[in-house]
**Q** 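Following this message is one structure expressed as structure tokens.
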Number of protein chains: 2
Amino acid sequence: MSRYKEILDHIARYVELSDSEIAEFISILKITRVKKRQFIIQPGFVSEYRNYIVKGAVRVFYLDDVGKEHTVSIGVEDWFFTDFSSYLNRTPAKYFAEALEDSVIIQMKYDDVEELCEKIHALSQYFRLFIEKALSYANERVITNISKTSEERYWDYVNKYPQIANRVPQYVLASYLGISAESISRIRSKS
Amino acid sequence: MSRYKEILDHIARYVELSDSEIAEFISILKITRVKKRQFIIQPGFVSEYRNYIVKGAVRVFYLDDVGKEHTVSIGVEDWFFTDFSSYLNRTPAKYFAEALEDSVIIQMKYDDVEELCEKIHALSQYFRLFIEKALSYANERVITNISKTSEERYWDYVNKYPQIANRVPQYVLASYLGISAESISRIRSKS
DNA sequence: GTGTAATCTTGATGCATATCAAGATTTATG
DNA sequence: CATAAATCTTGATATGCATCAAGATTACAC
């Protein structure tokens, strides 16, 4: 069974591709299945792919020098993830990407994406439009992190993404929000 | 005197535009001069433009409910700024953009940019490539904010952007880094 | 199902950094 | 250059949240 439908539907929300463009695009895609707890990106290795989540959940995280995890992103269906800096500059990754569930992802290589974006205007547009949104989210997150208390950040997230909050372990959410796992537990017990 | 050279040079670092494309692009640009402390974006008004800084420095900041400022971005020459969420969705801005120096900016309207990106493949590519970088920076910043101490964040910034650190008031840098102005002062006095 | 690993909880303690306050210094302006 | 405005400094105090520790659940594998 093909799993391209999801990503093609996603693209169709932004731009229209012709049948031949779709065929070309599909030709650069690679479907990969990963088991829960499996790493898709690891520090030291170049993050070769832009990864689209068809099914499942993946988190990208950074392991600091004292061994603490800091979650960069939590992605579920229809999200892209990669170590962007590694992917764009072909330098060794600094982050891990770990499957939080058994997942199906679609992978596309940097060179293939760039080549196709050169060729297919609509595809370039798709990535641009999607990434502009992602940037807008990233900005919001920065502000939330520096302007709100732990408790506010926690409840804001739970209200905004209730399905995700239920789906991922609490310590992952904690490390995404920049709160200790213990504090999250205390925040929850208050309500 | 024309101030288009800067932005055209910037674009040329990413893609190549033909003379007619350049002409078309220039036709949607508007040069604006702003005085120090002047607001370019204000909450409640839609941020109509994508703004490119030709000369000067601009910060985007959020004023929270207790009257504290939180700086979203500090931009100097060759940076874009806007309230992205407002600009993309044509909703009232939540942020201020304030000139930190007398500045020259180039403004382009959302509709004009989108229309031209539809038409000119290379221009769409330019924005995509540039924004991918911005997203990668934004991710780094999130991680830095949640994984490092105030002191580390301060010195990291000063080492990474020494010119900017010298150019903007310390309380702006403080609110960008999520540190109180007093703490920044103490951090500096230690060295 | 039983055992082991993963995750979450609860309490005690400490510290980094915010806040408040007030003065010093630097920068702008007529 | 004089005055005001803006910015930065320094000290005293308070507190939110991390950290450490250890036990309680829940999930998972054989």
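None of these values were measured; they are calculated from a predicted model.
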**Q** Could you tell me how far apart B:L100 (CG) and D:dA6 (P) are, to the nearest whole angstrom?
**A** 14 Å

**Q** Could you check how far OH of B:Y171 sits from P of C:dT26, rounded to whole Å?
**A** 17 Å

**Q** Regarding B:Y62 and B:K68, do their side chains bring together a donor and an acceptor under 3.5 Å, going by distance alone?
**A** no

**Q** Check side-chain hydrogen bond (donor to acceptor under 3.5 Å, both in side chains) between B:Y126 and all other residues, then give those that pass, not counting sequence neighbours.
**A**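 With neighbours one apart ignored, the set is B:H10.
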
**Q** In this structure, how many angstroms lie between the C1' atom of C:dC8 and the CG atom of A:N166, rounded?
**A** 15 Å

**Q** Using whole Å, report how far CZ of A:R188 lies from C1' of C:dT7.
**A** 12 Å

**Q** For nucleotides 15-25 of chain C, give me one character per nucleotide, 5' to 3': B if any protein heavy atom sits under 4.0 Å from the base, S if the only such contacts are to the sugar-phosphate, - if neither.
**A** --SSBBB----

**Q** Side chains of residues 34-47 of chain B: which donor-acceptor partners sit under 3.5 Å, not counting sequence neighbours?
**A**
{"residue": "B:K35", "atom": "NZ", "partner": "B:D102", "partner atom": "OD2", "Å": "3.4"}
{"residue": "B:Q38", "atom": "OE1", "partner": "B:K35", "partner atom": "N", "Å": "2.9"}
{"residue": "B:S47", "atom": "OG", "partner": "B:T82", "partner atom": "OG1", "Å": "2.7"}

**Q** Measure the distance from NZ on A:K190 to C1' on D:dG16 and round it to the nearest whole Å.
**A** 10 Å

**Q** Verify the contact: side-chain N or O of B:Q170 to OP1 or OP2 of D:dT9, cut-off strictly under 4.0 Å; return yes or no.
**A**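 For D:dT9, OP1 or OP2 has a side-chain N or O of B:Q170 closer than 4.0 Å.
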
**Q** Tell me the interatomic distance from A:L177, atom CG, to D:dA18, atom C1', rounded to whole angstroms.
**A**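 Result: 15 Å.
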
**Q** Just jot down the side-chain hydrogen bond (donor to acceptor under 3.5 Å, both in side chains) partners of B:H121, sequence neighbours excluded, or say none.
**A** none

**Q** Hydrophobic cluster membership, with links at side-chain heavy-atom distances under 4.5 Å among I/L/V/M/F/W/Y: are A:V58 and A:Y95 in one?
**A**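 A:V58 and A:Y95: one cluster.
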
**Q** Taking the axis from the first five pairs and the axis from the last five, what angle separates them in the helix from C:dT9-D:dA22 to C:dG30-D:dC1, rounded to 10 degrees?
**A** 50°

**Q** For residues 104-111 of chain B, which side-chain donor-acceptor pairs fall under 3.5 Å, sequence neighbours excluded?
**A**
{"residue": "B:Q107", "atom": "OE1", "partner": "B:T32", "partner atom": "OG1", "Å": "2.9"}
{"residue": "B:Q107", "atom": "NE2", "partner": "B:N51", "partner atom": "OD1", "Å": "2.9"}
{"residue": "B:D111", "atom": "OD1", "partner": "B:R90", "partner atom": "NH2", "Å": "2.5"}

**Q** Go through the structure and list residues passing side-chain hydrogen bond (donor to acceptor under 3.5 Å, both in side chains) with B:R167, not counting sequence neighbours.
**A**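 Checked B:R167 against side-chain hydrogen bond (donor to acceptor under 3.5 Å, both in side chains); matches are B:E77, B:E101.
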
**Q** Under the side-chain hydrogen bond (donor to acceptor under 3.5 Å, both in side chains) rule, collect the residues that match up with B:S180, sequence neighbours excluded.
**A**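 So B:S180 forms a side-chain hydrogen bond (donor to acceptor under 3.5 Å, both in side chains) with B:S183.
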
**Q** Quick one: salt bridge (charged side-chain N to carboxylate O under 4.0 Å, His left out) pairs with a partner in residues 15-26 of chain A, sequence neighbours left out?
**A** A:E24-A:K119

**Q** Can you name the residues that form a salt bridge (Lys or Arg N to Asp or Glu O under 4.0 Å) with A:E115, not counting sequence neighbours?
**A** none

**Q** Any ring-ring contact (aromatic ring centres under 6.0 Å, His included) involving residues 134-165 of chain B? Give me the pairs, sequence neighbours left out, ordered by first then second residue.
**A** B:Y157-B:Y161, B:Y157-B:Y176

**Q** Heavy atoms under 4.0 Å is the rule here; annotate nucleotides 24-30 of chain D 5' to 3' with B where the base is hit, S where only the sugar-phosphate is, and - elsewhere.
**A** ----S--

